[in-house]
Amino acid sequence: MAWLETDRHGRLRIAFKYYDGRTCREPLGVQASKRTRVDAERLSATIQLELSAGTFDYAKRFPNSERVKALGLKPTEQRSDQTLREFAEAAWLPAKRLEVKRSTFVYYNEIYKPQIEHAEIGKKLPSEIDDGDIIFGNWRSRASERRTKTRSVLDARI
């Protein structure tokens, strides 16, 4: 079970029952408003789903928490051998799904598929990608040749 609370200073915090039955409270660092409450409720629902599925990683979700240090948890390490495509699918797209509206996420996904998933740049490690791959390489020049679903030119802004 996960829920939202407001502290005495009007800031939001999320509270949930951890696997061992303890109630955990983590500050979100934002003042309570209509917009922040909507985002926090979305985060609360995500945490509840992760807890129910048994996939909640406290150290990953709240890496700077005092409770993480007290429990002796360590965040799962990022693989250094992930390609740009693997990183986008494992970390970036899921994070964006929670941060933006559904229509915006659909737009991000439409751009991601041809520009990263099916492109040569998606096969490279992030550490191997340099300005030349984006600005002078085929990626940017091909972007001006591509069309969106509405047949308008794909913007190559950086």
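- To the nearest 0.5 Å, atom CZ of residue Arg102 and atom CG of residue Asn109 are 13.0 Å apart.
- Looking at Arg61 and Glu26, no side-chain N of the basic residue comes within less than 4.0 Å of a carboxylate O on the acidic one, giving no salt bridge.
- Between the CZ atom in Arg97 and the OH atom in Tyr108 there is a gap of 13.5 Å [rounded to 0.5 Å].
- Met1 and Tyr18 fall into different hydrophobic clusters, defined by Ile, Leu, Val, Met, Phe, Trp and Tyr side-chain heavy atoms under 4.5 Å apart, directly or through other members.
- The shortest side-chain heavy-atom distance between Thr6 and Leu12 falls under the 4.5 Å cut-off.
- Separation of atoms CG (Asn64) and NZ (Lys69) is listed at 6.5 Å; rounding is to 0.5 Å.
- Between the side chain of Gln48 and the main chain of Ala2, a donor-acceptor pair closer than 3.5 Å is present.
- Note that CZ of Arg85 and CD1 of Ile116 are 11.0 Å apart. Values are rounded to the nearest 0.5 Å.
- Note: Phe16 and Phe62 have parallel aromatic rings, judged against thresholds of 30 and 60 degrees for the angle between ring planes.
- Side-chain contact check for Tyr19 versus Phe56: some heavy-atom pair is nearer than 4.5 Å.
- Contact record, Thr83 with Glu86: N-OE1, 3.0 Å, taken as the closest heavy-atom pair.
- By the criterion of side-chain heavy atoms lying less than 4.5 angstrom apart, applied directly or through intervening Ile, Leu, Val, Met, Phe, Trp or Tyr residues, Leu93 is not grouped with Val106; the two fall into different hydrophobic clusters.
- No single ILVMFWY cluster, assembled from side-chain heavy atoms under 4.5 Å apart, contains both Trp3 and Leu51.
- Expressed to the nearest 0.5 Å, how far CZ of Arg13 lies from CG of Leu28 amounts to 10.0 Å.
- For Thr46 (side chain) and Arg42 (main-chain N/O), a donor-acceptor pair under 3.5 Å exists by modelled atom type.
- In the hydrophobic clustering of this structure, Leu49 does not group with Leu43; members are Ile, Leu, Val, Met, Phe, Trp, Tyr whose side-chain heavy atoms approach within less than 4.5 Å, directly or through other members.
- Remark: Ile14 CD1 to Glu41 CD distance equals 10.0 Å, nearest 0.5 Å.
- Residues Pro94 and Ala88 come closest through the heavy atom pair CD-O, 3.8 Å.
- Side chains of Gln31 and Thr36 form no contact here, defined as non-hydrogen atoms less than 4.5 Å apart.
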